[in-house]
Amino acid sequence: MNNIKMFLVRYAEIGTKGKNRYVFEDVLCKRIRNRLKPLGEFDVRRDFGRIYIEALSDYDYDEAVEKLTKIFGIVGLCPVTVAEEFTYESISKAAIEHFEETFGDSADNPYDSYNFSFKVHTRRVNKNFPMNSMEVDMEIGHDLLEKFENEGLHVDVHKPDIMVEVELRGEQGYVYSKIIPGPGGLPVGTNGKAMSLLSGGIDSPVATYMVAKRGVEMEAVYFNSPPYTSQRALEKVEKLGTIVAQYSGPIKLHIVNFTDIQLAIYDNCPHDQLTIIMKRYFFRVAEELAKRNDCQAVITGESIGQVSSQTMQSLAVIDNAVDIPVFRPVIGMDKQEIVEYSQEIGTFETSIEPYEDCCTIFVDKHPVTKPKLFSIEKSEHRLEGIIEPLVEKAIETAEVVILK
Ligand code: ATP
Ligand code: MG
C-alpha cells in the first residue's frame with residue numbers, strides 16, 4: 001500500500017466539543033505529528049472538521065498505520081488516493097488505482113478479489129468543479145464497473161459493501177473507501193494528568209490505559225521492595241508501562257523504594273492488617289508524588305471484591321488515607337473482562353509473567369476483609385515517629401524513568 005500518500009482521520013467525540021473543538025483538534029494533530037516523526041516527513045493539517053495527513057517523504061505504510069491506530073481520539077483512518085490533477089480523468093484514474101491498491105492483492109482484503117457491491121458518494125466542496133456530485137457519482141461508478149465488473153464488482157445503492165468516497169476540495173480530488181478502526185477516546189493532553197499505581201499485574205495497566213484513553217496524560221508509580229522483589233519484577237512493570245505508552249505517549253515512572261516502610265509496618269502492626277496499611281501508605285506516597293507533579297488524581301487497578309483488600313470496606317478505609325481523588329476505572333469489571341481488555345491492548349502476556357510483587361510477599365494468611373477505620377488508625381499510631389522519615393526518604397529517593 002505504499003502508493004498511499006494521504007490519510008483522512010475520522011474522529012467522533014472531539015467533534016462535539018463546541019468552541020473547544022479547535023483545542024481538541026490541535027492536540028490531536030500534535031499527537032499525530034509526534035507519533036509519525038520517526039517515520040518520515042508528514043504534513044498534518046486541519047481542514048473544516050477533518051484532519052488530513054499527507055506524506056511528504058517515503059515512509060512505511062504498515063508502520064504508520066500501526067502507530068496511528070494507537071492514537072486516542074482517532075476513531076478511524078482512511079487511506080486516501082490523491083488524483084494527480086483536478087480533472088475528471090485524473091480523479092477516475094485515481095479511483096481505479098485506489099481499487100487496485102486496496103483490493104488487488106492486498107492481504108487484508110476481506111473479499112474474493114473484486115467480488116463485492118459498491119456505491120460512489122461524492123462531496124463537492126469546491127463548487128468550481130465542472131460536474132456536480134451526482135454526475136461524478138455516476139461516472140466514477142461507471143468507470144469502476146467497466147474495469148472490474150468481470151471480476152465480480154457490482155453496484156448496490158442501498159446496502160453497498162463498500163462506500164467509495166470522492167472528495168473535491170480546494171484544487172484536489174481524493175478517493176477513499178476503507179476505514180481502519182482507531183482506538184477512539186480523546187487525545188492525550190486534553191484532560192489533565194494523573195498518577196497511576198502501576199504494578200506488574202493484569203489490572204493496573206488496563207486501568208492506566210482506560211484513563212489515558214479519556215485524554216489524561218499519565219505518570220506512574222511503582223513500589224519496589226528489594227531484596228524481597230527482584231529486578232525482573234521492576235523490568236516487567238517497565239515493560240508494561242512501555243506497552244501502554246505506545247497509546248498514551250511517554251509515561252514518567254516513579255520507582256519508589258518501599259522496603260523500609262513495609263518492614264516498619266510488618267514489625268509494628270497486626271499482620272492481618274498489613275495489606276490495608278501498606279495500601280494506605282502506597283496512597284499517601286502516590287498523593288505526594290501526584291501533588292509534586294501536577295497530577296489531579298490517583299488511579300488504581302482495583303475491582304470490587306477481587307481480593308480481601310478490595311472489598312467495599314477495605315476500599316473505603318484505603319481511600320480515607322488521602323484527600324486526592326482516587327479513580328478506579330476497572331472497579332465494576334469481572335476479572336475475565338479485564339483479562340480480555342488486556343489481551344486487546346497487548347499487556348496480558350507480559351502481565352502473566354511470574355514475578356513476585358511486594359503485596360504477595362508480606363501478605364497474611366487471614367487478612368481482614370472488613371477493616372474498621374478506627375482499628376486501622378489505632379495500629380498506625382504505633383508507627384508514629386518511625387514511619388514519617390521513611391516516607392520522606394522514599395519520596396526523596398524515588399528514581400524516575402521515562403517509558404516510551
Ligand atoms: P494488578 O493486577 O493491577 O496488580 P491486583 O489484582 O494484583 O492488581 P492488588 O495487588 O490488590 O491487586 O493491587 C491493587 C492495585 O494496587 C493495583 O491494581 C495497583 O494499582 C496497585 N498496586 C499494587 N501493588 C503495587 C505496586 N507494587 N506498585 C504500585 N502499585 C501497586
Ligand atoms: Mg498486583
Side-chain angles (χ1 to χ4, degrees), residues 194-212 218-226 228-241 243-244 251 253-259 261-262 265 274-290 297-312 314-315 317-319 321-322 326-331 333-343 345 347-364 367-369 371 394-395 398-399 403:
M195 181 67 68
S196 185
L197 271 74
L198 188 62
S199 68
I202 295 170
D203 309 324
S204 49
V206 171
T208 309
Y209 173 99
M210 288 174 86
V211 173
M218 300 306 299
E219 296 202 8
V221 51
Y222 170 63
F223 297 99
N224 198 14
S225 301
Y228 303 99
T229 59
S230 64
Q231 183 66 17
R232 300 292 291 273
L234 167 62
E235 284 165 9
K236 177 181 169 186
V237 171
E238 292 180 339
K239 200 163 142 195
L240 286 168
I243 297 172
V244 176
I251 295 176
L253 173 70
H254 304 262
I255 303 161
V256 172
N257 188 327
F258 200 69
T259 312
I261 299 175
Q262 204 154 19
I265 300 170
L274 286 181
T275 310
I276 299 291
I277 295 174
M278 184 187 78
K279 284 271 160 75
R280 281 163 61 90
Y281 278 96
F282 276 5
F283 274 38
R284 289 180 174 118
V285 173
E287 178 179 47
E288 185 55 32
L289 287 174
V298 164
I299 312 298
T300 82
E302 288 158 319
S303 142
I304 296 170
Q306 210 183 72
V307 287
S308 68
S309 60
Q310 297 178 26
T311 62
M312 284 302 281
S314 299
L315 292 171
V317 169
I318 295 168
D319 250 25
V322 291
V326 179
F327 297 130
R328 304 174 164 90
V330 303
I331 192 78
M333 286 165 78
D334 293 343
K335 191 75 191 186
Q336 186 53 30
E337 291 171 319
I338 304 173
V339 163
E340 282 162 20
Y341 209 125
S342 72
Q343 286 167 330
I345 65 179
T347 49
F348 182 72
E349 292 304 325
T350 305
S351 288
I352 57 173
E353 286 173 12
Y355 303 115
E356 70 296 320
D357 85 38
C358 64
C359 312
T360 43
I361 287 160
F362 289 88
V363 81
D364 190 61
V368 283
T369 55
I395 292 168
E399 258 179 78
L403 306 176

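Just so it is clear, the structure is predicted and the values come from calculations on it, not from any experiment. Order of appearance sets the numbers: ligands from 1, and atoms from 1 within every ligand.
Residue E349 holds its CD atom at 7.5 Å from CD of Q343, rounded to the nearest 0.5 Å. Taken to the nearest 0.5 Å, the CD1 atom of I345 stands 13.0 Å off from the CD atom of E340.
The existence of a salt bridge linking K239 and E353 is confirmed by a sub-4.0 Å separation between a basic side-chain nitrogen and an acidic carboxylate oxygen. Salt bridge status for D203 with R328: absent, with no side-chain N to carboxylate O gap under 4.0 Å.
If you number the atoms of ligand 1 from 1 as listed, the ones under 4.0 Å from a heavy atom of S199 come out as 1 (P), 3 (O), 4 (O), 22 (N), 23 (C), 24 (N), 25 (C), 26 (C), 31 (C). Near S309, the atoms of ligand 1 lying under 4.0 angstrom from a non-hydrogen atom of the residue are 11 (O). Set against the non-hydrogen atoms of Q306, the atoms of ligand 1 under 4.0 Å away are 6 (O). Distances below 4.0 Å separate heavy atoms of K279 from the following atoms of ligand 1: 9 (P), 11 (O), 13 (O), 14 (C), 16 (O). Less than 4.0 angstrom separates some heavy atom of L198 from each of these atoms of ligand 1: 28 (N), 29 (C), 30 (N).
Side-chain atoms of V298 and V322, non-hydrogen and from C-beta on, never get closer than 4.5 Å to each other.
For ligand 1, the polar-atom distance check finds no N/O of V307 at less than 3.5 Å from any of the ligand's N/O atoms. Distances between N or O atoms of G301 and those of ligand 1 include at least one value under 3.5 Å. Some N or O of L197 is nearer than 3.5 Å to an N or O of ligand 1, by distance alone. The distance criterion of under 3.5 Å between nitrogen or oxygen atoms is not met by Y222 with respect to ligand 1. Of the polar atoms of T300, none of the N or O atoms is found under 3.5 Å from an N or O of ligand 1, judged by distance alone.
At a heavy-atom cutoff of 4.0 Å, ligand 1 is contacted by the side chain of F282 but not by its backbone. Residue contacts with ligand 1, taken as heavy atom pairs separated by less than 4.0 Å, do not involve T275 at all. Neither the backbone nor the side chain of S351 has a heavy atom within less than 4.0 Å of ligand 1. With a 4.0 Å heavy-atom cut-off, ligand 1 is reached by the backbone of V221 but not by any atom from C-beta on.
Under the 6.0 Å distance and 45° angle rule, R284 counts as a cation-pi partner of Y281.
In this structure a side-chain-to-backbone donor-acceptor pair under 3.5 Å is present from S351 to G201.
Residues T369 and T311 bring no donor and acceptor atom of their side chains to less than 3.5 Å of each other. Side-chain contact annotation: T275 with D364, donor-acceptor N/O pair under 3.5 Å absent.
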